[in-house]
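All values below come from the heavy atoms of this structure, side chains included, with hydrogens, waters and symmetry mates left out. Please read all numbers here as calculations on a predicted model, not as lab measurements.
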Amino acid sequence: MDKERKHPLAKCEECPWYEKSAYAGEAGPEEATTIVIGEAPGAVESRTGIPFTGPSGQLLDRVLDHHGIDRSELRFTNVAACHPPYSPGKGSVVPPAEVIACCKPRLDSELVGRSTIVCLGNTAAKTVLATSEGILSLRVGPPRKIKDATVVATVHPAACLRQSDLFPNLVKDIGKLINTDLWVGFEPPTVASFDDAESARSVIQELSTYDELVVDIEVDVAAVKDLNTPGGKLLCVGISYAPNKAIVIGEKALADGYVTHALKRLLDTKKLTCHNGKFDIAKLMEYGLLSDSSSFYFDTMLASYTFDERPGYHGLKGLASEVLGAPDYADEISPFVEKGGGYGNVPRPILYKYCAYDAAFTFLLKEHFERKYLDEPDLRELHDRLVMYSRELIYVEREGVRFDLDYNAELYTQFDEQLRPLEVRMAEMGLLNARSPKQIKEWFERAGLILPDTTEDTLRNLYERKPDVELLGLLLEHRKAQKSFSTYVKGLRKRVYEDRVYSTFLLHGSVTGRTASRNPNLQNITRGVVLRKQFVPDPGNVFVQADYGQIELRVAALEAEDEYLIGVFNDPSRDIFDEIGTNIYGSVEAAKRKENRVRTKAYVYGMNYGREAASIAGEYKIPLREAEKGMNAFFQMVPGIVAWREHIQQELKTQALRTRFHRRRRFWLITKDNRADATREGWAFVPQSTANDVTLTALTRARQAGMHVRIPVHDSIMVECADDPGVIGDVRRELSRIMVDTARDLLGDRVPFIADTEVGYNWGELSE
DNA sequence: TCGATCAGCGCG
DNA sequence: CACCGTGCTGATCGA
C-alpha cells in the first residue's frame, strides 16, 4: 500500500489506524463560522467518505431542523478523520490517544477562524476543551470559551440512539446555538453576611416586611454518618428575599439566643421556598428555628422534576447554570471540602457567599418555574402535591426506625460461620474467590464448560443437569448468604446512628414517580423473618403494617375500564386467580388447581409490564405453546385491558403518557431497538405511578392523623404505636380506613380498594 | 489509590 | 433471546 497521507496536515503514516481505515474528513463550506465535531466516522461515513451521513447525522439533522438551523451553513468533521479498523467483539471503538494526536494538526487547522465550535460527545469535548471532565457536566450551562471561539458541548447523537433519555440534552444544547440569552453572562447577586448578633437581629427585623422567603442552610455533617442522620453543626442560614438579593446569618450570630428566637419567629410566619426543602426544613426544625413543616410551600428541585421526569437533572448547581447562566460558584469552596466531609473547614466568608448564592439562585429559579407554571397549571398542581408529600416525609425521615444491634451482631457471627467453611471448601476446589464472576467463569472453562454468565438462574439450571458438580451447590448457597451478609448485615450496620437508621426517601428518584429510598434503601430488605427482624419498634411499642391488595391491578382495571376485572373486584365472593385459572385450564382437581393458580398469577401480574409467553414458559418449564394458549385465554377475558394496551402503545409514539395526577412519561426517541422496551415501560407506567400517588397521599393523611410512619414500601405503610390492645385496634382500623378512603377519594368507587393490616414486635414477624 | 463501570441480586 | 421500576456491594479496570 502506498504510504500516502490521507490529509496533508495529519501524521497519517504514524497513525495506528492508517493501514485499514477509511477516510471521511470534512464536509460543508470551508468558510463556515460554525463547525460541528464528532468522534470518528461510522460505517456509513466510511462508504460515503463524508462525515455525519449515517444514522447519527440524520438524527442531528432532525435536531438542527427543529431549531431552524441550516445544515448547509455548517462545517462538519471528527476528532479522528478515519473509520476505526474492524476489531472483533468490540461494538464501537473510541480513538486511542495516539490516533487523536496524529489527527490533531488536521483538527486544529479546521478550528482556525471559527467563531462557534459544537462538540458532540466525550471525545470531541475533551479534545477541544483539553479537559478530563465528562460530557454530562461539560454540557451544562452557558457555552464555554476557548480563545475567540464559543464552544457548545453536548452528547453525541449516537449515544442518544443507544440511550434515548439523553436525547433531550442534545436538543436543548443545540438550541443554545440560536438561543443566545445564556451567552451574555450573568449578573452576580448582591449578598451580605451578618455574623454578629446585633446586626443579625436588625436584618431579621427588616425581613419581616416580606411575605415569602427563600431559605438555604449549610451544615457541617463531617461528624455524623450521613447527610440525613441527625446532628451536625449549623454553619449559616441564607435567605433570599428579592431577585438577586440574599443575606446570610453566620455561625456566631446563630449562637445568640435572641437571634435564633427572632429568626424562628420570622421563618414561622413566612411562606418558605427551598431547593430540596426536605433537607433544609427538617434541619431548621431540628435546630429549633422552625416549628413545623407547614410553611414550606415551594420546592425548586421538585418543580424541576415536574417539568423533566428524568432523575439526575435537578441539582441546584446544574439548574443555576443551565437556567440562569450562573458560573460554577462551588469552585471557591471545593478546595476546603474533603471528600465525604462537611463544610466545617471552609473559611466562613467564602462559605457565607456560597450559601447566599444558593439562596439567591433558588429565588430566581422559583420565579422561573412560577412563570412556566402559568402555561402548565397541571404541573403546578403536581408540584403542590409533591411538596405536600415532602412536608410529611420530613417527619418519617427524622424519626427513622430503631435497629436491633444485638441481633445484628448475632447475625454477623451466624453468616460468618456459614460463609467461611464454604469459601475454604471452594478454594480447595480451585475457586479462590467465589464473589468473582470472572473466576467462576474461568473455573468452569477449565472444566470444559462455557457459561454465558454466572447468574443464579444459569447456575441453577446447570446444577439440575449436572447434580454431581459439587461446586454449583456450594456457589448457590454462598451467593445467597453473601448477599445477606454484605448488604443486609454488614451494610445496614454501617448506616446505624445510635440505635436507629435514617433513610432518605426521594420523590424525584424515578421516572414513574415512585419513591426511591437510600442510605440505607429500606425498600429492598429481604422478605422473611431473618433480616427484617433487625428493624424493631421502641420498647413498649409495636409495628402495624397495612398493605394495599393488588393495587396496581385494580388501578389498571380502572384505567382500562375493563368490565371483567371491575366485576371481579366488586364481588368479594369471587377469586380472580381461581376464576381465570378455571377459564384457562378448565376445572381440574385441587392439587392441579394450585399449580395452575401460580401460573395464572404470572399471566395476570405480568400483564402490567408486558411479560411475554416465552418468559413464562421458561420460568415454569412448560412448552411455549401452552404458555401462549394460557396467555391468549387470559387476554380474551379482559378485552378492556387489551384495548387500553393498544391505546398506550399508539399514544407513547407521539405524545407524553399522563396520569390523573399529571405525572408524565415521555419517550424521547423511539428506535427499532428500543421500541419494545418503550412499549413495556409505557404499560407499566400508569398503574405504577398512579398506585404510588395513592399510597403517598394515604401516607400524608396517616401522618397528619398523628401516626408515626416508619417504613413506606410502594404499596404498604408501616407505622409504630403503643403496645396496647385498644391502641393497636384503633390504629389498625384507622390506617386501613385512611388507605381505603384515600383510594376512593382519588380514584372513585368503580373499583373498591382493600388494605390488610398486620401487627408485630419486629418487621420480620408481623401477623394477623 | 481512586473513580467509573459491570455483574449480580434484593424489593414491589 | 428479552419484565417494569429502583439501590447496594464487590470485582475489575484504567488513569
*Asks:* Check whether the side chain of A:Arg514 and the base of B:dG12 form a donor-acceptor pair under 3.5 Å.
*Replies:*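 Under the 3.5 Å cut-off, the side chain and the base do form a donor-acceptor pair.
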*Asks:* Nearest to the side chain of A:Pro437 - B:dG10, B:dA7, B:dG12?
*Replies:*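 That would be B:dA7.
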*Asks:* In this structure, are over 12 heavy atoms from other groups packed under 6.0 Å from A:Lys317 atom NZ?
*Replies:*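 Count over threshold, so yes.
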*Asks:* Taking the six-membered ring where the residue is Trp, are the ring centres of A:Trp763 and A:Phe535 under 6.0 Å apart?
*Replies:*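 Between A:Phe535 and A:Trp763, which both carry aromatic rings, the centre distance is below 6.0 Å.
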*Asks:* What is the distance, to the nearest angstrom, from the OH atom on A:Tyr548 to the C1' atom on B:dC11?
*Replies:*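 Interatomic distance, OH of A:Tyr548 to C1' of B:dC11: 19 Å.
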*Asks:* Output yes when A:Arg658 and A:Glu651 qualify as a salt bridge under the 4.0 Å nitrogen-oxygen rule, no when they do not.
*Replies:*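 Salt bridge flag = no for A:Glu651 with A:Arg658.
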*Asks:* Reading DNA chain C from 5' to 3', where do the contacts with chain A start and stop? Cut-off is 4.0 Å to heavy atoms.
*Replies:*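 First and last nucleotides in contact are C:dA2 to C:dC13.
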*Asks:* Looking at B:dG8, I'd like to know if its phosphate oxygens (OP1 or OP2) sit under 4.0 Å from a side-chain N or O belonging to A:Arg479.
*Replies:*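 Answer no for this pair, as no side-chain N or O of A:Arg479 is under 4.0 Å from OP1 or OP2.
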*Asks:* State whether the side chain of A:Asn408 and the backbone N or O of A:Val489 hold a donor-acceptor pair below 3.5 Å, judged by distance alone.
*Replies:*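 Flag set: sc A:Asn408 to bb A:Val489 pair under 3.5 Å.
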*Asks:* Going by heavy atoms closer than 4.0 Å, what residues in residues 676-688 of chain A are next to DNA chain C?
*Replies:*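 Going residue by residue through residues 676-688 of chain A, the ones with a heavy atom under 4.0 Å of DNA chain C turn out to be A:Asp677, A:Arg680, A:Glu681, A:Gln688.
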*Asks:* Show me the donor-acceptor pairs within less than 3.5 Å that the side chains of residues 506-517 of chain A make with the rest of the protein, sequence neighbours left out.
*Replies:*
residue  : atom : partner  : partner atom : Å
A:Ser510 : OG   : A:Thr512 : OG1          : 3.4
A:Ser510 : OG   : A:Gly513 : N            : 3.2
A:Ser510 : OG   : A:Arg514 : N            : 3.0
A:Ser510 : OG   : A:Arg514 : O            : 2.8
A:Thr512 : OG1  : A:Arg514 : N            : 3.3
A:Thr512 : OG1  : A:Gln688 : OE1          : 3.4
A:Arg514 : NH2  : A:Glu552 : OE2          : 3.2
A:Thr515 : OG1  : A:Gln523 : NE2          : 3.2
A:Ser517 : OG   : A:Ser503 : OG           : 2.8
A:Ser517 : OG   : A:Pro520 : O            : 3.4
A:Ser517 : OG   : A:Leu522 : N            : 2.8

*Asks:* Which part of the nucleic acid, if any, lies within reach of A:Thr454 when heavy atoms closer than 4.0 Å are counted: base, sugar-phosphate only, or nothing?
*Replies:*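 The residue A:Thr454 makes sugar-phosphate contact but no base contact.
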*Asks:* Tell me, do A:Lys533 and A:Asp404 make a side-chain contact under 4.5 Å, heavy atoms counted?
*Replies:*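 Side-chain contact under 4.5 Å: no.
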*Asks:* Round to the nearest Å and state the distance from A:Asn122 atom CG to B:dA4 atom C1'.
*Replies:*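 In whole Å, B:dA4 C1' lies 12 Å from A:Asn122 CG.
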*Asks:* Is any NZ, NE, NH1 or NH2 atom of the basic residue among A:Arg660 and A:Glu559 found under 4.0 Å from an Asp or Glu carboxylate oxygen of the other?
*Replies:*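 A salt bridge links A:Arg660 with A:Glu559.
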*Asks:* Under a cut-off of 3.5 Å for both distances of each Watson-Crick or G-U pair, what dot-bracket string does DNA chain B give, using [ ] for crossing pairs and | for inter-strand pairs?
*Replies:* |||||||||.||
*Asks:* Mind running side-chain hydrogen bond (donor to acceptor under 3.5 Å, both in side chains) on A:Arg310 and A:Asn169 for me, showing each step along the way?
*Replies:* CA-CA 11 Å; A:Arg310 296 173 302 164; A:Asn169 299 341; 3.1 Å; yes
*Asks:* Identify whether any heavy atom of A:Gly491 sits under 4.0 Å from a base atom; if not, whether one sits that close to sugar-phosphate; answer base, sugar-phosphate or nothing.
*Replies:*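 Sugar-phosphate, backbone atoms only, no base.
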*Asks:* I'd like to check the side chain to side chain donor-acceptor pair (under 3.5 Å) partners of A:Asp562; sequence neighbours left out, ordered by chain and number.
*Replies:*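 If we apply the side chain to side chain donor-acceptor pair (under 3.5 Å) test to A:Asp562, skipping adjacent residues, there are no hits.
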*Asks:* Rounding to an integer number of Å, can you tell me how far A:Asn521 CG sits from B:dG12 C1'?
*Replies:*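 Rounded to whole Å, this separation is 11 Å.
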*Asks:* Taking any heavy-atom pair under 4.0 Å as a contact, classify A:Glu552: base, sugar-phosphate, or nothing.
*Replies:*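 Result for A:Glu552 = nothing.
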*Asks:* Give the ring-plane orientation class for A:Tyr603 versus A:Phe634, where under 30° counts as parallel, over 60° as perpendicular and anything between as tilted.
*Replies:*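 Rings of A:Tyr603 and A:Phe634: parallel, as their planes differ by under 30°.
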*Asks:* Whole angstroms only, please: what is the CD1-C1' distance between A:Ile440 and B:dC6?
*Replies:*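 From A:Ile440 CD1 to B:dC6 C1': 14 Å.
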*Asks:* Any side-chain N or O of A:Lys480 less than 4.0 Å from the OP1 or OP2 oxygen of B:dG10?
*Replies:*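 Indeed, a polar side-chain atom of A:Lys480 lies that close.
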*Asks:* Looking at every strand, decide which applies to A:Leu522 at a 4.0 Å heavy-atom threshold: base, sugar-phosphate, or nothing.
*Replies:*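 Touches nothing.
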*Asks:* Give the rounded distance in Å between these two atoms: CG of A:Asn433 and P of B:dA7.
*Replies:*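 Atom-to-atom, A:Asn433 to B:dA7, this comes out as 17 Å.
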*Asks:* Rounded to whole angstroms, how far apart are CD on A:Gln439 and P on B:dA7?
*Replies:*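 For the pair A:Gln439 CD and B:dA7 P, the rounded distance is 17 Å.
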*Asks:* Can you run down the salt bridge (Lys or Arg N to Asp or Glu O under 4.0 Å) pairs that involve residues 601-615 of chain A, sequence neighbours left out, and say none if there aren't any?
*Replies:*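 Only A:Arg611-A:Glu619, A:Glu612-A:Arg680 qualify under salt bridge (Lys or Arg N to Asp or Glu O under 4.0 Å).
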*Asks:* Rounding to an integer number of Å, can you tell me how far A:Gln163 CD sits from B:dC6 P?
*Replies:*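 Rounding to the nearest Å, CD of A:Gln163 and P of B:dC6 are 10 Å apart.
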*Asks:* Do the side chains of A:Arg665 and A:Glu681 get close enough for a salt bridge, i.e. N-O under 4.0 angstrom?
*Replies:*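 Yes, A:Arg665 and A:Glu681 are salt-bridged.
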*Asks:* For A:His714 and B:dG10, what is the distance between atoms NE2 and P respectively, to the nearest whole Å?
*Replies:*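 Rounded to the whole Å, the gap is 16 Å.
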*Asks:* Categorize A:Ser484 for me: base, sugar-phosphate, or nothing, with a 4.0 angstrom heavy-atom threshold over every strand shown.
*Replies:*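 No contact.
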